[in-house]
Amino acid sequence: MTGGGVRRIRVVLADDQPVVRAGFRALLDLTDDLAVVAEAADGDRAVEAVRTTRPDVVLMDIRMPGTDGLEATRRIAADPDLTGVRVLVLTTYEVDEYVFRALRAGAAGFLLKDIDAPELRAAIRTVAAGHSLLAASVTRRVIEEFARLGPTGGTAPEEHRLAVLTDREREVLALVGAGLTNQEIGTRLLMSPLTAKTHVSRTMTKLAARDRAQLVVLAYETGLVRPGP
């Protein structure tokens, strides 16, 4: 809590470059509702820091020595004691195969390292609130590119995973994969946003998806949504 009673969002910074961590810390320390609780220079230390401090959000670089951010993200997402921790992947490149892998591993979204301060703060608040950072068109480009090139995109072994869904849930999943919000899904399928949200939640439960980001990945991997314009 801050002095005014506002709950602070707790953040762990994981990047092998001290100057990058210092830059992000400087940006976040100027904000009343955000607090950096730990830093890490590699994946092992990042996982250890997360288990020790139980933050709300991790800003995770992918390319780090030793255990990289991809493996660290996978460990955090797989740990039932860390289900409330959200990982935002940091990258220098808009289209990055490792970003797609990180989304598959359980990351809630990703950020470019040259993001400006207001967008960084807004992104952290978004994922801390339980949402995925998938609105940016660049995110769709990453997913589409590597769904197109990846070995599992639209293959039969993945398609069977959708058998647990009703026809309506498959429709909803397809629209989530296309990047539509609950409001937009409701408009498209002639239902209320609350009903759309309920269908999305049930779909996540049936597919054991950690969040909306993984639903998008699954929509492409199973071939329900095809990459394209």
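- Leu103 and Ala213 make their closest contact through CD2-CB, 4.4 Å (heavy atoms, listed as atom of the first residue, atom of the second, distance).
- When only modelled atom types and interatomic distance are considered, Ser201 and Thr198 share no side-chain donor-acceptor pair under 3.5 Å.
- The environment of Lys113 atom NZ is dense: over 12 non-hydrogen atoms of other residues, nucleotides or ligands sit within 6.0 angstrom.
- Contact check for Leu28 versus Val11: side-chain heavy atoms found under the 4.5 Å cut-off.
- A distance of 12.0 Å separates CZ in Arg51 from OG1 in Thr53, rounded to the nearest 0.5 Å.
- Interatomic distance, Leu224 CG to Leu175 CG, rounded to the nearest 0.5 Å: 9.0 Å.
- The closest side-chain heavy-atom distance from Arg125 to Asp33 is below 4.5 Å.
- The two residues Leu215 and Ala209 make their nearest non-hydrogen contact at CD2-CB, 3.8 Å.
- Within the 3.5 Å criterion, the main-chain N or O of Leu27 finds a donor-acceptor partner in the side chain of Arg121.
- Leu59 is not listed as a side-chain neighbour of Asp15, based on a closest heavy-atom distance of 4.5 Å or more.
- Across all non-hydrogen atoms, the minimal contact from Pro65 to Ala41 is CD-O, 4.1 Å.
- Counting only heavy atoms from C-beta outward, the side chains of Thr73 and Arg101 never approach each other to under 4.5 Å.
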>> Evaluate Arg75 against Glu71 for salt bridge (charged side-chain N to carboxylate O under 4.0 Å, His left out), listing each step before the verdict.
In response: CA-CA 6 Å; Arg75 291 182 190 175; Glu71 176 59 25; 3.2 Å; yes
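- Looking at Glu171 and Arg168, a side-chain N of the basic residue comes within less than 4.0 Å of a carboxylate O on the acidic one, giving a salt bridge.
- Note on Phe24 and Leu30: separate hydrophobic clusters, where clusters join Ile, Leu, Val, Met, Phe, Trp and Tyr whose side-chain heavy atoms are under 4.5 Å apart, directly or indirectly.
- Of all non-hydrogen atoms in Ala123 and Leu111, the two that sit nearest each other are CB-CD2, 3.6 Å.
- For Arg45, the CZ atom is loosely surrounded, since the number of other residues' heavy atoms within 6.0 Å does not exceed 12.
- Interatomic distance, CZ of Arg86 versus CD1 of Ile76, reported as 12.5 Å (0.5 Å rounding).
- For CZ of Arg188, the number of neighbouring non-hydrogen atoms (other residues, nucleotides, ligands) closer than 6.0 Å is 12 at most.
- The main-chain N or O of Gly66 is never found under 3.5 Å from a side-chain atom of Asp42 such that the two would form a donor-acceptor pair.
- Taking 4.5 Å as the limit, every side-chain heavy atom of Leu90 sits out of range of all side-chain heavy atoms of Ile115.
- Both Val19 and Leu13 are members of a single hydrophobic cluster when ILVMFWY side chains are connected at heavy-atom separations under 4.5 Å.
- Shortest non-hydrogen contact noted between Ala107 and Asp211 is O-OD2, 4.2 Å.
- Between the Asp167 side chain and the Arg170 main chain, no donor and acceptor come within less than 3.5 Å of each other.
- With salt bridges taken as basic N to acidic carboxylate O contacts below 4.0 Å, none links Arg8 and Asp32.
- Without hydrogens or angle criteria, Arg10 side chain to Asp56 main chain gives no donor-acceptor distance under 3.5 Å.
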> Are Arg21 and Val36 close enough, and set up right, to give a side chain to side chain contact (heavy atoms under 4.5 Å, CB included), and what steps lead you there?
Replying inline: CA-CA 10 Å; Arg21 297 199 306 273; Val36 176; over 6 Å; no
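- Between Ala102 and Val89 the shortest heavy-atom distance is CB-CG2, 3.5 Å.
- Interatomic distance, OG1 of Thr91 versus CG of Asp114, reported as 10.0 Å (0.5 Å rounding).
- Not a single donor-acceptor pair under 3.5 Å links the side chain of Thr195 to the backbone N or O of Met191.
- Atom CD1 of residue Ile185 and atom CG of residue Leu180 lie 6.0 Å apart, to the nearest 0.5 angstrom.
- Remark: of the listed residues Val164, Val176, Thr166, Leu165, Leu165 is the sole one forming a side chain to side chain contact (heavy atoms under 4.5 Å, CB included) with Thr203.
- Side-chain atoms of Thr181 come within 3.5 Å of backbone N or O of Glu184 as a donor-acceptor pair.
- Atom CG of Leu207 is separated from atom OG1 of Thr222 by 8.0 Å, given to the nearest 0.5 angstrom.
- The closest side-chain heavy-atom distance from Arg63 to Asp68 is not below 4.5 Å.
- Proximity of Ile124 to Ile9: side-chain heavy atoms (C-beta onward) are separated by under 4.5 Å at one or more points.
- With salt bridges taken as basic N to acidic carboxylate O contacts below 4.0 Å, none links Arg202 and Glu169.
- A heavy-atom distance below 4.5 Å is not found between the side chains of Met204 and His199.
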